[in-house]
Amino acid sequence: RTFPGERTMSLLKRLAGLQQVPAGWYCDPNAALDEGDDGGETVELTYLGTAGFVVQGRARTVVLDPYLTRPGIGRTLAGKLVPDADLVRRLVPQADDVLIGHAHYDHILDAPDLCRQTGARLVGSRSAIMVGRAAGLPEAQLRETTGREDIASGDWVLRGVPSRHGKVFGRIPLPGDIDAPPPWPPRMADLRHGPVLNWLIDTGGLAIAHVDSADFINEELAGHRCDVLCLCAIGRHYRRDYTREIIELLQPRWVVPCHWDTMVTPIEAPPDLIPTVDLPGFMAEIRAAGAIPLLAPLLGRLRFALNRAAR
C-alpha cells in the first residue's frame with residue numbers, strides 16, 4: 001500500500017538516519033504458547049504502536065493508551081490534533097475499558113472516540129478524565145483513579161500503580177496537570193502528562209503489567225508480579241539498570257517492548273525506530289535479566305495461554 005508523499009518522506013527519513021525494523025526481529029504470534037497450549041483458552045495482545053495495546057479475552061476487552069490517528073510531524077507540532085474516528089472504529093471495534101497511563105497526546109488522543117463508539121469506560125487520572133470531559137464523554141463513562149485500588153472489569157481486575165514520567169534529553173516533556181477540560185480537538189501542548197500510572201491487569205489466568213513511560217517507582221511496584229510486561233523501550237536510554245530492575249521487581253516470563261517507533265508514520269505503514277532506541281540491545285538486556293522478549297509489529301498479535309490452575 002502506498003501512502004501520500006511516501007517517496008518524499010522516505011528520502012527525508014534516510015537523510016535523518018531513521019531506520020525501519022527488519023521483519024526478522026519480530027516474533028511469531030504463537031511464540032508464547034507452550035506445547036499443548038494451542039486449542040485452550042487464550043488472551044490475545046495486539047500492539048497498537050507507541051504504548052498502545054488491546055488485551056482481549058473470551059468475554060472481555062481492555063485497551064491501553066490507544067493512539068492510532070498519528071498525524072504527521074507538521075500537524076503534531078503546529079496544528080490541532082483531530083482524531084480519525086473511522087480509523088479507530090475499524091481497527092479497534094470493541095472495548096469494555098480504556099486505561100490511560102498518562103495524558104500526553106500520544107497516549108490519550110483516540111481514547112474518547114473509542115469510548116464513545118464502544119460504550120467503554122475511560123479509566124485514568126484526573127487529567128485523563130478532564131480530557132474525556134473535553135471530548136464530550138458522559139460522566140457515566142468516566143472512572144477517575146489515583147491508583148492503589150482494585151477496579152472490577154467484568155471478571156478481570158484492574159489496578160493503577162502510581163509512577164512518574166521519564167526524562168527525555170534531560171527534561172520531562174509537557175509536565176504538569178490538566179485541571180480543567182482542555183480545548184478539543186487539542187494541540188499537543190494542551191495535553192500535559194498529569195499523574196502517571198502503570199497498569200496491572202489480572203485476567204484470572206494471566207497477569208499483565210503496562211509501563212508506558214521511561215521511568216517507574218520501585219517502591220510502588222514492589223510486591224506485584226506479572227506474567228507479561230509491556231515495557232517502554234525508551235527507558236533504558238535514560239535510566240540506569242532500567243530493564244534489569246523492573247524485571248527483578250515484577251518477575252515476568254515475557255516482555256513485550258513498546259514505545260520504540262517514531263509515532264508519526266501512519267499506523268498501517270512500516271514504522272521507523274526512534275533514533276535513541278536500540279531494540280537488539282534492549283532485547284538482549286531482557287534475556288540477560290531472565291525474561292523472554294517478544295517483539296510485535298504495529299497491529300501485530302501475540303497469544304498467551306491462561307494458567308490452567310485458574311481456568
Legend entry - Transitive ILVMFWY side-chain link L45 to W25, under 4.5 Å: yes

Inset, instruction - May I ask you to decide if W156's main-chain N or O and S153's side chain share a donor-acceptor pair within less than 3.5 Å? - result: no

Legend entry - Backbone of A78 reached by a side-chain donor or acceptor of R187 within 3.5 Å: yes

Inset, instruction - Using modelled atom types only, decide if a donor and an acceptor are shared between the side chain of W254 and the backbone of P293 within a distance under 3.5 Å. - result: no

Inset, instruction - Cation-pi check, R239 to F216: give yes when NZ or CZ is under 6.0 Å from the six-membered ring centre and within 45° of the ring axis, no otherwise. - result: yes

Inset, instruction - For residues P252 and I247, determine if any side-chain heavy atom of one lies less than 4.5 Å from a side-chain heavy atom of the other. - result: yes

Inset, instruction - Apply the salt bridge (Lys or Arg N to Asp or Glu O under 4.0 Å) test between D179 and each candidate in R133, R126, R192; give the one that qualifies. - result: R126

Legend entry - Side-chain heavy-atom pair N218, E245 within 4.5 angstrom cut-off: yes

Inset, instruction - Determine yes or no for a side-chain-to-main-chain donor-acceptor pair under 3.5 angstrom, with D110 supplying the side chain and T69 the backbone. - result: yes

Legend entry - Backbone N/O of C232 and side chain of Y242: donor-acceptor pair under 3.5 Å: yes

Inset, instruction - For the pair D278 (side chain) and G281 (backbone), establish whether a donor and an acceptor sit closer than 3.5 Å, ignoring hydrogens and angles. - result: yes

Inset, instruction - May I ask you to say whether R236 pairs ionically with D241, meaning some side-chain N is under 4.0 Å from a carboxylate O? - result: no

Inset, instruction - Identify the two heavy atoms, one from Y47 and one from G52, that lie closest to each other, and give their separation to 0.1 Å. - result: CD1-O, 3.3 Å

Legend entry - N307 and L206, any side-chain heavy atoms less than 4.5 Å apart: no

Legend entry - hydrophobic_cluster_shared for V277 and V168, side chain cutoff 4.5 Å: yes

Inset, instruction - Anything under 30° is parallel, anything over 60° is perpendicular, the rest tilted; go ahead and classify H102 against H107. - result: tilted

Inset, instruction - Would you mind reporting whether P195 and D177 have side-chain heavy atoms less than 4.5 Å apart? - result: yes

Legend entry - NZ/NE/NH1/NH2 to OD/OE distance under 4.0 Å, D97 and R60: yes

Legend entry - Verify same cluster id: V256, L250 (apolar side-chain graph, 4.5 Å): yes

Legend entry - Any donor-acceptor pair under 3.5 Å from E144 side chain to V123 backbone: no

Inset, instruction - State, yes or no, whether a side-chain contact exists between D65 and V98 at a heavy-atom distance under 4.5 Å. - result: no

Legend entry - Residue of the set D261, D106, T262, T76 for which side chain to side chain donor-acceptor pair (under 3.5 Å) holds with R70: D261

Inset, instruction - Anything under 30° is parallel, anything over 60° is perpendicular, the rest tilted; go ahead and classify H104 against H165. - result: perpendicular

Legend entry - Electrostatic pair E285-R244, nearest N-O below 4.0 angstrom: no

Legend entry - R159/E149 ion pair, N-O < 4.0 Å: no

Inset, instruction - Would you mind checking if R301 and E44 are paired as a salt bridge, meaning a charged N to carboxylate O distance below 4.0 Å? - result: yes

Legend entry - Test: K80 and D190 ion pair at under 4.0 Å: no

Legend entry - Test item: Y105 and P186 side chains (from C-beta on) under 4.5 Å apart, heavy atoms: no

Legend entry - Salt-bridge present (R253, D34; N to O < 4.0 Å): yes

Legend entry - P71 vs L81 side-chain heavy atoms within contact, under 4.5 Å: yes

Legend entry - Short side-chain to backbone donor-acceptor contact, T61 and A95, under 3.5 Å: no

Legend entry - I246 side chain near V211 side chain, heavy-atom distance below 4.5 Å: yes

